[in-house]
Amino acid sequence: MPDALPSNFIRNIITEDINVNKNDGRVHTRFPPEPNGYLHIGHAKAICLNFGLAAEYGGLCNLRFDDTNPSKEEVEYVDCIKADVRWLGFDWGDREYYASDYFEQLYQYAVQLIKAGMAYVCDLSADEIREYRGTLTEPGKDSPYRARSVEENLDLFERMRAGEFPDGSRTLRAKIDMASPNLNMRDPVMYRILRATHHRTGDRWCIYPTYDFAHGQSDSIEGITHSICTLEFEDHRPLYDWFLDALKIHHPQQIEFARLNLTYAVLSKRRLLDLVERGHVTGWDDPRMPTLAGIRRRGYTPESIRTFCERIGVAKRNSTVDIAMLEHCLREDLNKRAPRVMAVLRPLRVVIDNYPDGKVEELEAVNSPEDPSMGTRKVPFSRALYIETEDFREDPPKGFFRLSPGREVRLRYGYIIKCVDVVKDLKSGEVTELHCTYDPATKSGSAQSGRKVKATLHWVSAAHAIEAEVRLYDHLFLKPNPDDVEGGADWRSNLNPNSLVRLTSCRVEPSLAAAAPGSRYQFERLGYFFVDPVDSSSAAPVFNRTVTLRDTWAKVEKAQRKR
RNA sequence: UGGGCGGUCGCCAAGCGGUAAGGCCCCGGACUUUGGAUCCGGUAUCGAAGGUUCGAAUCCUUCCCGCCCAGCCA
């Protein structure tokens with residue numbers, strides 16, 4: 001099965017490992033988030049990779065929370081992370097683990113290293129440790145406590161655990177090489193004294209292992225075969241290897257890949273938090289956020305995210321994927337599954353002068369041209385309708401196919417109409433109403449319906465339409481690279497002031513009265529919309545624009561404007 | 001300037017000595033009662049320079065550029 005999938009360097013490694021029967025041909029991965037924030041699309045890449053690889057090779061993938069820093073982690077995050085991974089479509093069975101489950105084992109490992117003379121208790125302060133570490137170009141120097149006896153180290157470490165020393169007063173360090181060109185090998189800290197209540201172990205511990213001392217061993221304990229992580233841990237691999245070899249325990253293979261970057265977006269926990277705290281967005285689940293919670297509320301499907309993650313591939317090169325790629329995967333999925341419906345966002349009243357007053361026809365509309373099995377529905381047609389304001393131009397530019405004085409267009413599923421009069425507001429000059437005539441012989445499906453017109457417009461019957469709020473979302477940033485700023489300014493100056501446009505008097509066709517929160521539709525000619533699961537109600541429906549349709553006219557117009 | 005890792009089309013990304021996959025974007029065109037979808041077609045000699053070889057993106061050398069590392073964060 002793996003052969004059918006696109007090649008990438010990780011698959012190559014695993015395939016080769018299986019060929020030489022490494023780990024008895026077993027593949028076991030894990031997704032190891034720290035429960036200190038929300039998952040975003042970048043994590044989705046790691047999730048799809050780890051769970052995907054395990055599934056492809058008939059292996060398993062664990063969900064493990066790397067909760068070694070109680071001062072930053074909370075149980076709420078654990079719950080959100082689990083919900084997000086599940087939403088993406090992955091299942092970790094009963095293998096929900098926590099690094100904190102291994103605290104006692106990790107402590108014993110530390111004791112083992114002390115006994116082997118490979119770790120020591122150091123009394124240097126944080127600042128002193130930094131000074132002793134040296135710099136990128138100069139070697140560090142040995143801590144004065146480096147030569148303590150095994151007995152003394154054992155005693156001190158035990159007393160650290162017992163709470164005899166204040167926070168930060170001592171650490172347990174690995175005795176490696178203060179002159180190593182790899183700073184991670186300059187006697188890294190393994191344990192620190194930290195009196196903080198842990199979300200799982202409470203106050204049982206006052207010393208906590210560092211990530212560096214916990215991660216590799218946690219993988220080892222779980223029998224992980226391939227520890228897939230991001231590039232910045234490449235420098236740490238020699239350290240993890242050192243611990244594993246010193247401890248003589250199962251040795252997973254670490255493989256590093258480049259984390260995802262997206263254009264028109266920001267993807268770091270720090271910046272995401274900043275956006276939330278400064279109120280640039282309404283919260284972690286704001287539909288403009290690249291968090292899984294935000295993306296979900298925007299209306300993205302998990303399937304589209306999974307195919308996106310598959311298509312962008314995996315490599316070691318730092319890269320920024322065009323958000324158009326994500327949007328393409330989304331449209332591709334939604335095109336297949338979203339029922340079509342008509343909605344007018346900015347209504348312009350149209351009166352069909354020669355259509356009998358009071359008459360109502362129920363026109364048959366197809367729910368999806370992509371999938372006939374989705375059936376049809378009835379849409380009421382009457383004398384007074386609404387069309388999209390931007391579908392009429394009194395003075396049509398070149399290439400504008402839609403309605404204008406004297407011109408004909410088809411109303412989708414209805415008739416061909418011709419604009420015969422334009423009513424304007426005397427003061428503002430704004431077009432407030434159109435008068436048209438219809439040709440009864442052009443009804444959709446009838447013999448003469450085939451007459452060619454340049455455009456087909458969506459519409460809604462004024463008397464039958466439902467009022468709704470529509471939230472138009474756009475990229476959060478104006479530039480592909482938010483960091484592309486003029487001197488002095490910062491990335492926030494690139495925030496798109498129009499990333500959210502709320503339209504409160506939209507009109508949607510009556511069939512949408514039954515639209516359930518969380519359901520998706522294509523508003524014909526406009527885009528894909530999602531019934532907001534939080535704010536929408538049958539009394540006051542709210543639709544989020546997930547993504548627009550591809551719009552070639554918009555492109556033409558943009559090009560014309562430039563000229 | 002120490003160490004680690006990268007540099008193949010505008011953006012991702014295959015390729016592993018035999019003469020540059022694919023996707024996105026973009027540009028044409030066909031079709032179309034969504035200017036949607038779909039369908040055709042178009043666009044790179046592989047960071048640079050040397051070298052090895054019948055033959056190199058793939059091997060060697062040197063150089064250039066980018067990213068990461070000096071948390072008791074992960």
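Chain letters run A, B, ... following the sequence lines, proteins first and then strands; every chain starts at 1. Since the structure is predicted, the reported quantities are computational estimates derived from the model, not experimental observations.
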Problem set entry | Geometric class of the Trp205(A)/Tyr107(A) ring pair [parallel <30°, tilted 30-60°, perpendicular >60°] | tilted
ask   = Taking only side-chain nitrogens and oxygens of Ser180(A), does any of them come within less than 4.0 Å of OP1 or OP2 of rG3(B)?
value = no
Glu73(A) has its side chain closest, among rA74(B), rC12(B), rU33(B), to rA74(B)
Say we look at rA44(B) and rA57(B): how far apart would their C1' atoms be, to the nearest angstrom? 12 Å
With a non-hydrogen cut-off below 4.0 angstrom, is Arg412(A) in contact with a base, only sugar-phosphate, or nothing?
base
>> Please tell me if Lys555(A) has a side-chain N or O lying less than 4.0 Å from either OP1 or OP2 of rC26(B).
In response: yes
### Query
Quick one: does Asn335(A)'s side chain have a donor or acceptor within less than 3.5 Å of a partner on Glu332(A)'s backbone?
no
Next on the checklist: So Leu124(A), base contact, sugar-phosphate only, or nothing? Heavy-atom distance under 4.0 Å.
Outcome noted: base
By the Watson-Crick or G-U definition, both distances under 3.5 Å, rC54(B) is matched with rG18(B)
Taking only side-chain N and O atoms of His328(A), does any of them lie within less than 4.0 angstrom of OP1 or OP2 on rC24(B)?
yes
Taken to the nearest whole Å, CG/Asn182(A) to C1'/rG2(B) is 10 Å
Any side-chain N or O of Thr210(A) under 4.0 Å from OP1/OP2 of rC73(B)? no
query: rG22(B) and rC9(B): how far apart are their P atoms, nearest whole angstrom?
result: 15 Å
request  = Using a strict 4.0 Å threshold on nitrogen-to-oxygen distance, state whether Lys336(A) and Glu303(A) make a salt bridge.
outcome  = no
Using atom P in both nucleotides, what's the gap between rU61(B) and rG4(B) to the nearest angstrom?
15 Å
With sequence neighbours left out, the residues meeting ring-ring contact (aromatic ring centres under 6.0 Å, His included) with Tyr102(A) are none
Ranking rU34(B), rA74(B), rC72(B) by distance to the side chain of Thr171(A), first place goes to rC72(B)
Ranking rG36(B), rG2(B), rU33(B) by distance to the side chain of Leu183(A), first place goes to rG2(B)
- Message: What contact category does Tyr191(A) fall into here, base, sugar-phosphate, or nothing, at under 4.0 angstrom with non-hydrogen atoms?
- Response: nothing
Please tell me if Arg192(A) has a side-chain N or O lying less than 4.0 Å from either OP1 or OP2 of rA74(B). yes
Taken to the nearest whole Å, NZ/Lys454(A) to P/rU34(B) is 14 Å
**Item:** Check: Phe103(A) ring centre within less than 6.0 Å of His198(A) ring centre
**Value:** yes
Taking rG36(B), rC69(B), rC67(B) as options, the one with an atom nearest any side-chain atom of Glu370(A) is rG36(B)
Picking from rU34(B), rA70(B), rA74(B), the nucleotide nearest the side-chain atoms of Leu136(A) would be rA70(B)
Glycosidic torsion of rG18(B) (syn if within 90° of 0, anti otherwise) classifies it as anti
| query | Given the P atoms of rG2(B) and rC54(B), what is the spacing between them in whole Å? | reply | 38 Å
At less than 4.0 Å, is any side-chain N or O atom of Lys452(A) found next to OP1 or OP2 of rU33(B)? Yes or no. yes
Problem set entry | Asn184(A) side chain near rG4(B) phosphate (N/O to OP1/OP2, under 4.0 Å) | no
Exercise for review: Determine, using ring centers only, whether Tyr300(A) and Phe530(A) are less than 6.0 Å apart.
Suggested key: no
Re rU61(B): Watson-Crick or G-U wobble partner, both distances kept under 3.5 Å, found to be rA49(B)
Between CG of Asp67(A) and P of rA74(B) the distance, given in whole Å, is 10 Å
(request) Looking at every strand, decide which applies to Asn12(A) at a 4.0 Å heavy-atom threshold: base, sugar-phosphate, or nothing. (result) base
*With a 4.0 Å cut-off on heavy atoms, is Ser125(A) in touch with a base, just the backbone sugar-phosphate, or nothing at all?*
base
Subject >> Phosphate contact (rG4(B) OP1 or OP2) by Arg237(A) side-chain N/O below 4.0 Å >> reply: no
*Base, sugar-phosphate, or nothing for Gly140(A), non-hydrogen atoms under 4.0 angstrom?*
nothing
With a 4.0 Å cut-off on heavy atoms, is Ser319(A) in touch with a base, just the backbone sugar-phosphate, or nothing at all? sugar-phosphate
With a cut-off of less than 4.0 Å, is there a side-chain N or O of Arg331(A) near OP1 or OP2 of rA37(B)? no
Worksheet item: Using a cut-off of 4.0 Å on non-hydrogen atoms, how would the nucleic acid contact of Tyr413(A) be classed: base, sugar-phosphate, or nothing?
Response: base
Checking Asp333(A), Thr546(A), Thr307(A) against Thr301(A) for side-chain hydrogen bond (donor to acceptor under 3.5 Å, both in side chains), the one that qualifies is Asp333(A)
Distance below 4.0 Å between Arg133(A) side-chain N/O and rG71(B) OP1 or OP2
yes
Inset, instruction - Would you please confirm or rule out a distance under 4.0 Å between OP1 or OP2 of rG71(B) and any side-chain N or O of Arg130(A)? - result: yes
| When all nucleic acid strands are considered with a 4.0 Å heavy-atom cut-off, which category describes Thr320(A): base, sugar-phosphate, or nothing? | sugar-phosphate
### Query
Taking the same atom, P, in rA30(B) and in rG66(B), what whole-Å distance lies between them?
47 Å
Using a 4.0 Å heavy-atom cut-off, does Leu326(A) contact any base of the nucleic acid, only the sugar-phosphate backbone, or nothing at all? nothing
| said: Counting the atoms with a prime plus P, OP1 and OP2 as sugar-phosphate, which does Glu138(A) contact under 4.0 Å by heavy atoms, base, sugar-phosphate, or nothing? | reply: nothing
In whole Å, measure the gap between the C1' atoms of rU58(B) and rU53(B) for me. 13 Å
TODO: Quote, to the nearest angstrom, the P distance that separates rU62(B) from rU43(B).
DONE: 38 Å
Is it the case that atom CZ in Arg195(A) sees more than 12 heavy atoms from other parts of the structure closer than 6.0 Å?
yes
(request) Give Leu231(A) one of three labels, base, sugar-phosphate or nothing, depending on what nucleic acid heavy atoms sit under 4.0 Å from its own. (result) nothing
Whole-Å distance, Met325(A) CE to rG22(B) P, equals 14 Å
_When the P atoms of rG3(B) and rU8(B) are compared, how many Å lie between them, rounded to an integer?_
24 Å
Assign each of Asp123(A) and Asn318(A) the nucleotide of RNA chain B bearing its closest heavy atom; nearer the 5' end lies the nucleotide of Asn318(A)
Any base atoms under 4.0 Å from Phe523(A), or only sugar-phosphate, or nothing? Heavy atoms, all strands.
nothing
| rA74(B) phosphate, OP1 or OP2: any side-chain N/O from Thr68(A) under 4.0 angstrom? | yes
**Message:** Using a 6.0 Å cut-off, check whether atom NZ of Lys479(A) has over 12 heavy atoms from anything other than its own residue.
**Reply:** yes
Checking only heavy atoms, does the side chain of Thr456(A) share a donor-acceptor pair with the base of rU34(B) at less than 3.5 Å?
no
Out of rG2(B), rC12(B), rG4(B), minimum distance to the side chain of Asp235(A) belongs to rG4(B)
Mate of rC9(B) across any strand shown (Watson-Crick or G-U wobble, both atom pairs under 3.5 Å) is none
Mate of rC26(B) across any strand shown (Watson-Crick or G-U wobble, both atom pairs under 3.5 Å) is rG42(B)
The residue, Glu232(A) or Ser7(A), whose nearest nucleotide of RNA chain B is more 5′ is Ser7(A)
Contact class for His458(A) (heavy atom, under 4.0 Å): base, sugar-phosphate, or nothing? nothing
dist His40(A):NE2 -> Arg271(A):CZ (nearest 0.5 Å) comes out at 12.0 Å
